[in-house]
Amino acid sequence: MELLVASAIGVLTAAGIYLVLRLRTFPVILGMSLLTYAVNVFLFASGRLTIGAPPILSDDVTTYTDPLPQALVLTAIVISFGMTAVVVMISLGAYLGSDDDHVDDQPESTGSEASQ
Amino acid sequence: MSLFLIVALPFFGALLPGIMNSAGRSACFGVTFTVTLSAFVGLLTNLPTVLAGEVVMARVNWMPELGLNFTLMLDGLGFFFAFLILGIGLLIIAYGRQYLSRDDHMGEFFTYLLLFQGAMVGIVLSDNILLLLVFWELTSLASFLLIGYWKHLPEGRQGARMALAVTGMGGLAMIGGMLILGQIVGSYDLSVILQNREAIQADPLYVPALLLILLGCFTKSAQFPFHFWLPHAMAAPTPVSAYLHSATMVKAGIFLMARMWPVLSGTPEWFYIVTTAGLVTMVLGAVIALFKHDLKSLLAFSTVSHLGLITMLLGTGTAFGALAAVFHILNHATFKAALFMSAGIVDHEAHTRDIRRLGGLRHLMPVTFTIATIAALSMAGIPFLNGFLSKEMMLEEAHHTVLFGSHWLVPVMATVGSLFSAAYCFRFIGHTFLGPVRDDYPHKPHDPGAGMWLPPAILVVLVVVIGVAPFLVQDFVFMVTKSVIGEAAELKTKYIKIWHGLVPALYMSIIAVVGGLAMMLVFKPLSKVWETTPRPEAKVIFEAIVEAIVRLAQALTHPLHNGSFTRYAMIGIVAMIAAGYHAWATGTVADPVRELQAAGPVPIAGWAMLVAATGGLVVMHRNRLLALILIGIVGLMVSVGFVYLSAPDLAMTQFTVEVVTIILLLLALNFLPNRTPTESTSLRRVRDAGVAIAAGLATFGLAYHYMLRDTVAASISEYHLANSYKGGGGTNVVNVILVDFRGFDTYGEIIVLGIAALLIYALTETLLGGPVRRRLLNRIPDQARSGDMHPMMMVVLTRVIMPVVLLVGFYIFLRGHNEPGGGFIAGLIVSIAVVMQYMASGFSWASARLKYPYHGVIGAGVLVAGLTGIGSWFVGKPFLTSDFTYVRIPPFHKFELATAALFDLGVFLAVVGAVMLSLESFSRLARRADTEDSVHPMDIDPSRNAAASGSAVDMKEDT
């Protein structure tokens with residue numbers, strides 16, 4: 001089980017980073033989403049893996065999984081939605097404003113000097 | 001009055017003029033004056049204690065670990081300066097009321113002025129040198145605002161920037177010096193530092209500390225070679241020049257030299273640096289002042305010169321020098337502020353400050369003439385005026401000062417300085433007021449109302465009173481001087497008087513005045529020589545230096561920061577991998593203590609789907625819609641994984657977030673190209689893949705490694721498990737952690753989420769307000785639109801499902817404390833229910849039925865959560881302490897009431913508001929001019945279309 005989760009984290013990270021290094025905004029956003037999954041699962045796994053022992057207290061159960069990483073990851077998931085939405089909005093605004101969805105500055109658009 | 005109150009009054013008062021601005025100029029002036037007067041009276045209540053030789057202290061610990069405490073101290077020196085700052089402040093405020101025109105924003109001006117006043121009072125009352133530095137920087141900032149008050153004038157902006165650059169730079173140097181000083185002594189309290197003269201002067205770091213502190217003082221007090229900013233700061237309104245650049249701010253450097261005098265002075269380094277800088281500044285300032293045609297420039301350079309004089313006196317390191325310095329600070333503040341205000345009156349009335357266009361004003365402005373003449377004669381050092389007294393003392397001190405082994409250098413230079421000083425004073429009087437009345441003034445001048453001339457007149461009365469009866473202020477000056485020199489030296493008593501007999505100082509004085517008069521006779525040819533002599537222009541040099549620094553910064557930054565995000569990301573990732581590898585290679589690895597858990601066929605199948613979807617995503621990411629579907633599979637598998645690994649809350653959250661994220665990305669894809677073109681070379685792709693695989697291996701190794709080992713230290717999770725029910729009243733530990741144990745974190749998180757949503761809203765507004773709007777409205781979609789925009793099936797289904805989904809959301813919310821669920825998940829579910837309505841019936845139909853704007857929902861959520869937290873204050877508990885109880889209302893079962901549920905309600909509202917505001921913003925972009933807004937939930941009634949086709953054209957024009 002640990003091997004599966006760890007390899008899934010590795011695969012998600014590798015795919016996420018590959019996409020983050022692309023040149024257009026959309027794949028970069030997808031890459032960041034994949035990285036978000038990877039990071040969330042990674043943090044979650046720091047509570048070690050337990051099968052069938054959710055942290056819901058009950059009188060006839062004695063073992064529970066670690067609840068703390070779950071709580072932290074829960075808010076991280078929601079925040080990551082906010083982050084994705086902001087990044088999507090920024091890239092959309094940039095695309096609509098300039099008809100260009102490159103991530104990097106294009107050669108003709110550089111050279112904006114700091115104004116006095 | 002408490003010292004804290006004296007310092008705090010101007011700061012709090014600074015809020016008032018801005019508020020009172022709409023109540024009229026008099027109200028605005030009234031509050032400013034009242035605030036300053038209260039602080040002034042408060043200061044005076046401390047006078048008896050100070051006169052008795054005691055030091056008033058006030059102390060509040062701020063950051064004691066850093067040695068930074070809010071300690072204030074009022075001794076003679078502090079009282080003297082605070083008196084000048086607040087007393088002259090009152091006159092300046094009264095003057096400013098009359099000076100500012102109707103177009104000037106008076107509230108803004110007085111707000112800045114009070115901020116500055118508070119910062120200055122803070123400097124002179126600080127006992128802690130770190131606190132002093134805070135106020136010191138505040139004066140730089142406030143003076144920046146004041147100098148640049150007339151934002152429309154380029155000179156104002158440039159002058160403000162120059163002043164900030166120079167004094168700010170000096171302030172930074174001083175921070176270094178003060179820190180060294182604090183390190184040497186082991187305390188940042190002035191009262192302690194001042195007791196440690198021997199320790200400081202014996203320390204090897206004395207010289208660096210001295211140099212850094214003097215750099216701060218010299219830049220602030222415009223000493224050579226940093227004198228150039230002061231004349232450019234004259235672009236400020238005259239009340240500012242009179243206040244900052246004659247009486248207060250430029251004296252801050254002098255104040256600090258006086259404050260540090262007992263511990264820093266008396267060494268050869270101090271003597272040579274301070275005396276020389278003062279002497280050079282005094283002579284240079286006086287010479288330049290003589291040839292300035294702008295009244296305020298003339299006064300600015302004369303201020304530079306007089307500050308040099310005071311600096312030189314402090315530099316000599318003798319008790320008599322300190323006495324003369326203190327006395328001259330007082331005298332200079334009175335006559336120079338009066339002179340600036342007179343120059344302002346002339347400018348205000350004649351509409352010019354150019355001395356070449358003036359003359360003969362004696363007949364037109366007799367009151368102003370009298371005031372200005374007395375003040376100028378005092379500055380020139382004419383007997384029976386206060387300037388004479390302190391100038392005599394300066395010459396006396398100069399007579400005894402031996403610099404660089406020469407007995408002649410200082411006396412001669414001092415006499416030359418005084419000579420030029422007398423000359424520019426005579427020029428100020430002669431060329432402005434004397435001579436024939438002209439008929440080509442830009443504006444016919446006459447004396448202003450009493451409101452404007454009364455403030456300088458009060459100062460001039462002081463000039464005469466002190467000049468004629470110096471014994472009135474003698475005790476006060478002695479008291480101040482005693483607190484400057486501390487125990488370091490003995491003071492010769494009874495020196496301040498008009499007649500000392502035929503001493504060398506008198507001869508020097510006579511030479512200066514006669515020479516000054518003689519120079520006026522040959523002014524025209526002298527001026528011609530001066531105009532033709534080439535000399536360095538400080539502003540040009542300053543601009544060139546700034547330009548060079550900017551170019552250097554660009555040369556460093558541009559190659560590094562070339563606008564390529566991909567490159568930054570690459571550098572960051574490679575650096576992280578390298579750092580991780582380094583840690584791995586140099587650290588020690590413990591043996592695994594946990595067993596691998598066996599994985600059944602179902603988890604392996606789920607894993608295979610996740611890996612296949614991820615791989616497919618990488619291979620096929622150029623087809624963007626397909627990529628979205630694949631990432632949806634990935635998210636789904638992650639959710640399933642959470643369920644399997646005992647995290648039902650996470651699974652529910654991930655699942656619902658997945659839905660809204662995909663909707664969001666679909667909305668975005670509506671505008672973006674459908675395909676990603678191939679641009680990168682295959683070599684580059686191989687390189688990226690290499691880096692990505694390395695990173696993937698690294699995270700795999702790390703995750704796999706730690707999952708087989710236990711935590712190094714015991715986790716706090718056991719505490720949470722043990723206390724969740726007892727302390728938090730809930731059995732769902734994850735939810736109890738979120739709303740109770742770590743409620744403050746959650747509170748921060750919903751605020752962040754709300755801010756993100758507001759940011760999206762603001763960006764949408766900006767886009768729709770700009771040139772993009774037209775393009776959006778006239779966009780032609782790249783794919784055929786659906787013929788049935790709002791399908792009946794979907795409308796009916798979503799409408800039927802809506803109450804069910806809301807009920808589920810409500811249920812999930814209520815059970816959250818004990819079963820998987822809670823505010824976050826319920827919020828997301830309810831959002832999905834509402835979003836479905838938007839999808840089914842269109843944006844305009846849905847938003848027309850929206851009763852509560854989503855901003856408000858976010859705000860209400862944050863407010864509910866915050867108020868729940870504050871509620872615990874009323875029972876004397878810390879913020880966000882939760883409580884719960886069990887209630888039984890027949891015929892229901894016993895149930896629980898917890899304040900945490902109220903907090904969770906806040907979370908719920910904030911999540912709903914944030915998600916909906918984001919999605920709504922996106923869909924607002926999707927409106928187009930050629931599609932009519934849907935008024936009906938679905939578009940199936942053909943008769944309606946026939947009837948509406950006539951009005952469709954009108955609707956297009958509306959949008």
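Below, chains carry the letters A, B, ... as their sequence lines are ordered, and counting in each starts from 1. Reckoned from all heavy atoms, side chains included, excluding hydrogens, waters and symmetry mates.
- Contacts between residues 59-66 of chain A and chain B, defined by a heavy-atom separation under 4.5 Å, are made by A:Y64, A:T65, A:D66.
- When heavy atoms are compared at a cutoff of 4.5 Å, B:E718 does not approach chain A at all.
- A distance of 9.0 Å separates OG1 of B:T699 from CG of A:L12, quoted to the nearest 0.5 Å.
- In this structure a side-chain-to-backbone donor-acceptor pair under 3.5 Å is missing from B:Q597 to A:E2.
- Atom CG of A:L49 and atom OH of B:Y644 lie 10.5 Å apart (nearest 0.5 Å).
- Contacts between A:S80 and chain B at a heavy-atom distance below 4.5 Å are absent for every atom of the residue.
- Here B:D710 is the residue among B:D710, B:T766, B:V752 with the most heavy-atom pairs under 4.5 Å with chain A.
- Neither the backbone nor the side chain of B:Y568 comes within contact range of chain A; no heavy atoms are under 4.5 Å apart.
- For the set B:G822, B:A757, B:A756, B:G615, the entry with the most heavy-atom pairs within less than 4.5 Å of chain A is B:A756.
- By the 4.5 Å heavy-atom criterion applied to side chains, B:D745 and A:T75 are not counted as neighbours.
- At least one side-chain heavy atom of A:I56 sits less than 4.5 Å from a side-chain heavy atom of B:P820.
- With rounding to the nearest 0.5 Å, the separation of OG1 in B:T676 from CG in A:D101 is 7.5 Å.
- In this structure a side-chain-to-backbone donor-acceptor pair under 3.5 Å is present from A:D104 to B:F565.
- Pairing each heavy atom of A:A8 with each of B:L610, the nearest pair is CB-CD2, 3.9 Å.
- How far CE of A:M89 is from CG of B:L759: 9.0 Å, rounded to the nearest 0.5 Å.
- With a threshold of 4.5 angstrom between heavy atoms, B:L650 approaches chain A through its backbone and through its side chain.
- Residues A:G97 and B:V772 come closest through the heavy atom pair CA-CG2, 3.8 Å.
- Both the backbone and the side chain of B:V660 come within contact range of chain A, each with at least one heavy atom under 4.5 Å from a heavy atom of that chain.
- Note on A:L72, A:T36, A:D99: by heavy-atom pairs under 4.5 Å with chain B, the leading option is A:D99.
- Here the straight-line distance linking atom CD1 of B:I573 with atom CD1 of A:I17 works out to 4.5 Å at 0.5 Å rounding.
- In this structure, chain B has a heavy atom under 4.5 Å from the side chain of A:L19, while its backbone stays farther away.
- Atom OH of B:Y719 is surrounded by 12 or fewer heavy atoms from other residues, nucleotides or ligands within 6.0 Å.
- Closest heavy-atom contact between B:I737 and A:A71: CG2-CB, 3.5 Å.
- When ring centroids are compared, B:F671 and A:Y95 stay outside the 6.0 Å threshold.
- Between chain A and the residues B:V915, B:L708, B:L919, B:V907, the most heavy-atom pairs under 4.5 angstrom are made by B:V915.
- Residue-environment remark: CD (B:E679) exceeds the threshold of 12 foreign heavy atoms within 6.0 Å.
- B:F741 is not listed as a side-chain neighbour of A:L68, based on a closest heavy-atom distance of 4.5 Å or more.
- The candidate from A:L30, A:T84, A:I90 with the greatest count of non-hydrogen atom pairs under 4.5 Å with chain B is A:L30.
- Closest heavy-atom contact between A:V20 and B:A569: CG1-CB, 4.3 Å.
- Ranked by heavy-atom pairs shorter than 4.5 Å toward chain A, the options B:M652, B:H705, B:Q654, B:H720 are led by B:Q654.
- No more than 12 heavy atoms of other residues, nucleotides or ligands lie within 6.0 Å of CZ in B:R742, so this atom counts as exposed by the packing criterion.
- Residue B:L628 touches chain A through its side chain alone, counting heavy-atom pairs closer than 4.5 Å.
- By number of non-hydrogen pairs under 4.5 angstrom with chain B, the leading residue of A:T25, A:N40, A:I79, A:I29 is A:I79.
- Contact of B:T656 with chain A is not made at all, since no heavy-atom distance falls under 4.5 Å.
- With A:Q70 contributing its side chain and B:S646 its backbone, the two residues share a donor-acceptor pair below 3.5 Å.
- At a 4.5 Å heavy-atom cutoff, B:P771 makes no contact with chain A through either its backbone or its side chain.
- Among B:V657, B:L828, B:L667, the residue with the largest count of heavy-atom pairs under 4.5 Å with chain A is B:V657.
- If you tally non-hydrogen atom pairs under 4.5 Å between each of B:M637, B:R567, B:R709, B:R684 and chain A, the highest count goes to B:R709.
- The only member of B:F700, B:Y706, B:Y704 that meets ring-ring contact (aromatic ring centres under 6.0 Å, His included) when paired with A:F42 is B:Y706.
- Residues A:T50 and B:L645 have side chains not in contact (no heavy-atom distance under 4.5 Å, counting atoms from C-beta outward).
- Heavy atoms closer than 4.5 Å to chain A are found nowhere in B:N735, neither backbone nor side chain.
- By the 4.5 Å heavy-atom criterion applied to side chains, B:H621 and A:F26 are not counted as neighbours.
- Heavy atoms of A:F44 lying under 4.5 Å from chain B belong exclusively to its side chain.
- The backbone N or O of A:P27 lies less than 3.5 Å from no partner atom in the side chain of B:R624, so there is not a single donor-acceptor pair.
- Residue with the most contacts toward chain B among A:I9, A:V11, A:L96: A:L96 (heavy-atom pairs, distance under 4.5 Å).
- The nearest pair of heavy atoms linking B:A695 to A:T13 is O-CG2, 4.2 Å.
- Here the closest heavy-atom approach between residue B:A668 and residue A:V88 is recorded as CB-CG1, 3.4 Å.
- By number of non-hydrogen pairs under 4.5 angstrom with chain B, the leading residue of A:G47, A:A76, A:S91, A:S46 is A:S46.
- B:F824 contributes atom CZ, which lies 10.5 Å from atom CD1 of A:I77 (distance to the nearest 0.5 angstrom).
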